[in-house]
Number of protein chains: 2
Amino acid sequence: MRTSSERVTIREVAARAGVGIATVSRALNGDPEIAATTRARVLSACRDLGYKPSSAARSLKRGRSESVGVAILSRHAPVILNPYYAEVLGGVEMALEAADYHLLLSSLKRNEELLKLAQERRVDGLLVMGCDVAEQVLGALAKTGIPLVLIDNSFDGLPSVTVDHLGGARVAMRHLLDEGYRRIAFVTETLHNANFQARLLGYRSALAEAGIACDEALVAEGGNSWEGGYHAMKAILARAGETPEAVFGANDPAALTAFKALREAGYRVPDDVAVVGFDDIHLSAHHTPPLSTVRIDKRLLGQTGAEMILARINGVIPESVELATELVVRGSSRRV
Amino acid sequence: MRTSSERVTIREVAARAGVGIATVSRALNGDPEIAATTRARVLSACRDLGYKPSSAARSLKRGRSESVGVAILSRHAPVILNPYYAEVLGGVEMALEAADYHLLLSSLKRNEELLKLAQERRVDGLLVMGCDVAEQVLGALAKTGIPLVLIDNSFDGLPSVTVDHLGGARVAMRHLLDEGYRRIAFVTETLHNANFQARLLGYRSALAEAGIACDEALVAEGGNSWEGGYHAMKAILARAGETPEAVFGANDPAALTAFKALREAGYRVPDDVAVVGFDDIHLSAHHTPPLSTVRIDKRLLGQTGAEMILARINGVIPESVELATELVVRGSSRRV
DNA sequence: CTGTTAGCGCTTTCAG
DNA sequence: CTGAAAGCGCTAACAG
């Protein structure tokens with residue numbers, strides 16, 4: 001006894017339209033060699049029956065699942081909470097959606113698990129974002145030949161979308177230098193991260209270029225948490241020496257929480273100390289005062305990555321891309 | 001001519017292990033009626049060949065995809081940016097992961113699109129979160145008989161996980177009332193949302209219980225954006241009457257941005273005006289001063305929803321659940 | 001305990 | 001232009 005919720009298959013559609021199943025398939029897949037009237041009859045039968053082709057059958061036959069796995073490898077625990085990657089993910093979803101691809105979120109999966117996704121053919125490709133990934137994992141993934149695109153990371157032989165961290169940092173520093181600040185601190189959550197290292201490099205090189213010796217007492221790591229910048233700032237303030245005139249945060253959370261430490265220590269921003277961040281997360285513009293920062297077009301980052309993985313899936317090896325950044329000067333670094 | 005990257009199938013494993021394909025299948029699916037030594041031989045052949053069963057073939061045969069679609073229907077545009085749902089999503093992913101289920105993120109998909117996911121059998125069920133969904137959409141989805149669980153919303157006949165908004169709001173108000181505040185404002189992004197309406201109801205009922213007439217000039221909507229609370233607060237401050245002594249935000253963003261409006265108007269929190277929010281998003285604890293709020297266990301919300309949809313997929317209709325909230329008193333509402 | 005066989009629902013030759 | 005038939009890779013009877 002069949003329940004009313006039985007799946008309707010191509011065979012029933014064929015029967016109702018009075019054609020063979022191959023014809024139904026053709027009609028649905030836009031085969032040009034089919035009579036317009038036949039196609040119309042098939043299509044209307046599909047509508048009447050509420051027929052939708054089984055994705056499993058289709059995948060099995062075509063050898064592709066029409067979905068891509070998105071892995072987020074970040075140092076923050078519940079990764080999706082990272083506002084930065086949340087935005088990148090938004091861009092990815094938009095681009096995949098536009099290509100009628102599906103997005104398998106695998107932010108918790110690691111190494112073999114990730115590999116398994118591809119080997120089972122549950123996904124046609126993998127988009128790996130974040131630069132807190134062990135090189136060996138990337139090496140292993142790369143070796144398998146799975147279509148793979150890196151976002152915010154790079155690895156020899158793999159296509160990637162990255163950001164000009166060094167250049168961005170230099171522009172931010174130049175801005176601070178131009179405003180007349182000389183003693184500039186650098187606060188970061190961690191330096192075990194290629195992106196932050198590049199930003200630190202930009203900090204150092206801008207300083208060098210301005211003929212300022214880098215005071216290592218002004219560079220601090222505060223730990224991998226939202227409050228990392230807070231702790232780094234505290235540490236800097238606690239060290240002897242003079243208070244810095246400005247602070248460059250390796251990312252917005254670091255800058256924002258360093259800000260908090262400054263405020264707690266009685267300094268006003270930007271009157272006493274200027275602050276500049278990096279990333280331009282949503283929050284930064286709404287902070288009081290709004291945070292000056294180096295904007296990364298996170299949506300574009302995701303979108304570009306998605307388009308690249310789609311290209312890769314379709315057989316064209318995409319060129320790696322480096323996105324430029326844009327300095328956004330807001331209240332936190334403006335001389336009053 | 002075969003390339004080296006040809007998929008390895010069950011047949012090759014069978015050949016290598018010197019058994020039939022059914023035996024391989026049994027070994028892999030933990031069939032108890034199989035000789036331990038045979039199983040070992042099969043398993044090692046799988047390992048040697050790097051064999052992973054095709055998910056498409058399996059889905060086709062078993063009639064389930066082992067993945068659930070997650071739709072986020074929220075009033076904020078790039079929905080994933082809503083920090084609240086980002087956390088819920090984290091809980092969902094954890095629970096699905098634990099059950100070896102996959103998560104198809106469909107935050108952009110609407111109505112028919114969502115339905116299609118299920119009809120194509122790309123997902124075994126749908127988790128719909130957010131209460132900014134047209135009733136008719138839910139009605140349509142419900143009628144199809146697709147396994148469906150609502151998070152943060154409810155609809156006749158559909159299992160759901162909700163939050164005790166009314167109760168939570170009453171507790172928050174009682175706290176403010178206990179602290180001696182009488183003129184309490186209510187700011188919200190919108191009232192076209194059942195949850196916020198329930199919170200407003202809690203506001204009103206707590207006021208009534210305390211014998212305080214509700215001054216409608218103290219209730220304001222500021223619009224659907226991060227700064228909604230800001231605009232609402234501005235409006236209240238602009239209206240004649242006295243300044244409120246305290247503000248209850250319908251959610252944390254509203255409270256936080258109302259806060260900003262207060263600060264801009266020269267009021268200090270909590271010295272001049274106390275502020276309490278709702279949700280306890282990550283940011284609230286890190287704000288200066290930290291925001292008092294009504295905590296929702298967002299992770300649990302997601303986890304519960306995920307477990308319910310899994311149950312539903314396995315044929316048991318789960319009971320709807322209402323989660324309790326917890327008042328978290330922090331600096332923004334503490335009498336100094 | 002294990003092998004053979006029949007499909008799951010679709011796409012795609014290959015003949016008309 | 002259209003239909004019949006052959007699988008895609010797997011699982012689940014059904015026989016041994």
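All values below come from the heavy atoms of this structure, side chains included, with hydrogens, waters and symmetry mates left out. Below, read A as the first sequence line, B as the second, and so on, with proteins coming before strands; counting in each chain starts at 1.
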Could you state the atom-to-atom distance from [atom1] of [X] to [atom2] of [N] in whole Å?
{"X": "A:Gln119", "N": "D:dG9", "atom1": "CD", "atom2": "P", "result": "15 Å"}
{"X": "B:Arg62", "N": "C:dA6", "atom1": "CZ", "atom2": "P", "result": "22 Å"}
{"X": "B:Leu60", "N": "C:dG7", "atom1": "CG", "atom2": "P", "result": "14 Å"}
{"X": "B:Ile21", "N": "C:dC1", "atom1": "CD1", "atom2": "P", "result": "21 Å"}
{"X": "A:Leu49", "N": "C:dG9", "atom1": "CG", "atom2": "P", "result": "14 Å"}
{"X": "B:Arg41", "N": "C:dT2", "atom1": "CZ", "atom2": "C1'", "result": "11 Å"}
{"X": "B:Arg64", "N": "C:dG9", "atom1": "CZ", "atom2": "C1'", "result": "18 Å"}
{"X": "A:Arg58", "N": "D:dC10", "atom1": "CZ", "atom2": "C1'", "result": "20 Å"}

Hey, does [X] reach any base, or is it just sugar-phosphate, or nothing, if we go heavy atoms under 4.0 Å?
{"X": "B:Ala22", "answer": "base"}
{"X": "A:Thr38", "answer": "sugar-phosphate"}
{"X": "A:Val19", "answer": "sugar-phosphate"}
{"X": "A:Ser25", "answer": "base"}
{"X": "B:Ile34", "answer": "sugar-phosphate"}

Quiz item: Within the pair B:Ser54 and D:dC10, is there a side-chain N or O less than 4.0 Å away from OP1 or OP2?
Solution: no
Quiz item: Considering only heavy atoms and no angle criterion, is a donor-acceptor pair shorter than 3.5 Å present between the side chain of A:Lys61 and the base of C:dG9?
Solution: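 No, the side chain and the base share no sub-3.5 Å donor-acceptor pair.
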Practice problem: Test for a donor-acceptor pair under 3.5 Å between the base of C:dG9 and the side chain of B:Arg121, counting only N and O atoms. | Solution: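 Side chain to base: no pair below 3.5 Å.
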Do you see a donor-acceptor pair shorter than 3.5 Å between the side chains of [X] and [Y]?
{"X": "B:Ser107", "Y": "A:Glu93", "answer": "yes"}
{"X": "B:Tyr101", "Y": "B:Arg64", "answer": "yes"}
{"X": "B:Glu120", "Y": "A:Ser54", "answer": "no"}

Exercise. Nearest-nucleotide wise, let me know which of A:Arg11 and A:Pro32 is further upstream toward the 5' end of DNA chain D.
Key: A:Pro32
Practice problem: Side chain of A:Thr23 only, please: which of D:dC1, D:dG3, D:dT11 is the nearest? | Solution: D:dG3
Self-check item: Residue mapping more 5' on DNA chain C - nearest nucleotide basis, A:Ile10 or B:Arg26
Solution: B:Arg26
Practice problem: Taking only Lys NZ, Arg NE, NH1 and NH2, and the carboxylate oxygens of Asp or Glu, determine whether A:Glu97 and B:Lys109 approach each other closer than 4.0 Å. | Solution: yes
Practice problem: Without swapping roles, check the side chain of B:Asp31 against the backbone of B:Glu33 for a donor-acceptor pair under 3.5 Å. | Solution: yes
